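Let me begin by presenting the structure, written as structure tokens, before commenting on it.
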Number of protein chains: 2
Amino acid sequence: MNLITLNARAGRISFVTGPVLYFAPDQELYSQGGTADMFLKLVAGAVRTCRFLNDGRRQIDAFYLPGDIFGFEFAAEHSLSAEAICDCTVISYRWRGLANARANQDGLPERLFAHAMRNLARAQSHARLLGFSSAAEKLAAFLLEWSEHSADRTLITLLMSRQDIADYLGMTVETVSRTLTQLRNDGLIEFISARQIKLLDVAALTALTA
Amino acid sequence: MNLITLNARAGRISFVTGPVLYFAPDQELYSQGGTADMFLKLVAGAVRTCRFLNDGRRQIDAFYLPGDIFGFEFAAEHSLSAEAICDCTVISYRWRGLANARANQDGLPERLFAHAMRNLARAQSHARLLGFSSAAEKLAAFLLEWSEHSADRTLITLLMSRQDIADYLGMTVETVSRTLTQLRNDGLIEFISARQIKLLDVAALTALTA
DNA sequence: CGTCTCCTTGATTGAAATCAACTTAGGTGG
DNA sequence: CCACCTAAGTTGATTTCAATCAAGGAGACG
């Protein structure tokens, strides 16, 4: 039984690559421990990958945006769960190991390799962020990371909740909220709304991230 | 000017793969920002990769043991420095991009891909560890991670200093020391010497890592 | 208009950082 | 071989920052 198909709200076979799937907010795309025989490419929406600790805590490993590939594993099982942050459209790819992927000469292996290297850099960057000692440093790094994905580098739209941010940064919602308020009071950022943040002093934010 | 050659204590051309290089403890194999036109495979010894923050703090990204490949980057520059923990022997490989690597059919691309995936898993595991809230959880996870590399899974030899451990776990030396003492007092571990630790209660340690 | 969820703020507690001293182990040279 | 010296590790006292416990707003949606 295929978890991806199981959880899909609607699915059809794409004539090129694989079934296109749709997910509603907070719906699980695949789960930690599930068979990793497929990987996904996000077409529209936003996705978070996370793990759940046995005491109920949640860690968010990464956020994905359109164009990103995720759920690709060497192991037989997914090491993380993937959840839709908002309405999502994804393309699924069947996966039977590297040898198989190399057999067809459509350039997929190169893209997968590039994907692996990009995700490696991403994971290292995340580890760097988590290694920061103070909440302000972590949040500054997080905001700058997300400004990279915005058309206007100084006006960012957070697609995720404060809880998601907290679980990504390894801290509590309260500290996220307090620290953002702090950064606002210090004149480094400005709230357009709770999820729309204007970066007023990128240099100062960058300085915080050492 | 090649950083690797520059820093090598002694070097000769290996008839198969590339120059073999030797490094003394704390010697730099390559540095953050240096040209990433080579990557290395550790033959003997132990290596740490790290970054330095502008206020002098150090973060350790990973430890490498014989057989491991490191310093392989998609970017033009090394994002981390590599330093020898003890006397090291490494084999260097020239690197001019993926296309070039694929051209020769010696199976290197597959190994590099596997390497990328393995390092990705490693980095995710590190992020998971750094996401833990308490010092005891982090240290338990660290000890278990290292027990994987020991012949006897319950007797581990730490090749690195307490400071190295602290910088890997994102905490201070004092807290590392105190927490290890705590784990010893709780009967989870036993000190043979400062760097030789016997795991007495693997189940309890595992429970700590959720 | 009310309700629910998300976000923010406040008061207090607790764990790790910091500052500081002491101990141990390893290495060197007399 | 021993004594010293240094680096590494441990332990103690205090401070600081984030977690926790608790409550108060604000926006979204029916």
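We name chains A, B, ... by the order of the sequence lines, and we start the count at 1 in each one. Owing to the predicted nature of the structure, the values given are computational and were not obtained by experimental measurement.
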query: Looking at A/D68 and A/K41, does any basic side-chain N land under 4.0 Å from a carboxylate oxygen?
result: no
query: Of all the nucleotides listed (D/dG9, C/dC7, D/dT11), which has the minimum atom distance to the side chain of A/R195?
result: C/dC7
message: Tell me whether B/E137 is salt-bridged to B/R128, with the criterion being a basic N under 4.0 Å from an acidic carboxylate O.
response: no
task: State plainly whether the residues A/D167 and A/R162 are in salt-bridge range, i.e. N to O under 4.0 Å.
output: no
- request: Could you check how far CE of A/M171 sits from C1' of C/dG14, rounded to whole Å?
  value: 18 Å
query: Rounding to a whole Å, what distance do you find between A/L169:CG and D/dA18:P?
result: 12 Å
- request: Return the value, rounded to whole Å, for the distance between atom CD of A/E137 and atom P of C/dA17.
  value: 13 Å
- request: Tell me which of B/R178 and B/S161 sits closer to the 5' end of DNA chain D, going by the nucleotide each one is nearest to.
  value: B/S161
query: Quick one: A/L183 CG to C/dT9 P, roughly how many Å, whole number?
result: 13 Å
task: Please state how far atom CD1 in A/I192 lies from atom P in D/dG27, giving the value in whole angstrom units.
output: 14 Å
statement: Note: for B/D26 and B/E174 on DNA chain D, the residue whose nearest nucleotide lies more 5' is B/D26
message: Quick check on DNA chain C: between A/Q163 and B/T175, whose nearest nucleotide comes earlier from the 5' end?
response: A/Q163
B/T172 side chain near C/dA17 phosphate (N/O to OP1/OP2, under 4.0 Å): yes
- prompt: Between D/dG9 atom C1' and B/Q182 atom CD, what is the distance in whole Å?
  reply: 17 Å
- prompt: NA contact type, B/S193, heavy-atom cut-off 4.0 Å: base, sugar-phosphate, or nothing?
  reply: nothing
query: Under 4.0 Å between a side-chain N or O of A/S177 and OP1 or OP2 of C/dT8?
result: yes
- prompt: So what does A/T179 hit on the nucleic acid, given a heavy-atom distance under 4.0 Å: a base, only sugar-phosphate, or nothing?
  reply: nothing
query: Does a side-chain N-to-carboxylate-O contact under 4.0 Å join A/R153 and A/E148?
result: yes
task: Send over the distance from B/D167 CG to D/dA8 P, rounded to a whole Å.
output: 13 Å
query: Relative to the ring of A/F70, is the ring of A/Y64 parallel (under 30°), tilted (30 to 60°) or perpendicular (over 60°)?
result: parallel
- line: Here the distance between atom P of D/dG9 and atom CZ of B/R184, to the nearest Å, is 15 Å
task: Output the single nucleotide from C/dT18, C/dT8, C/dA16 whose closest atom is nearest the side chain of A/F191.
output: C/dT8
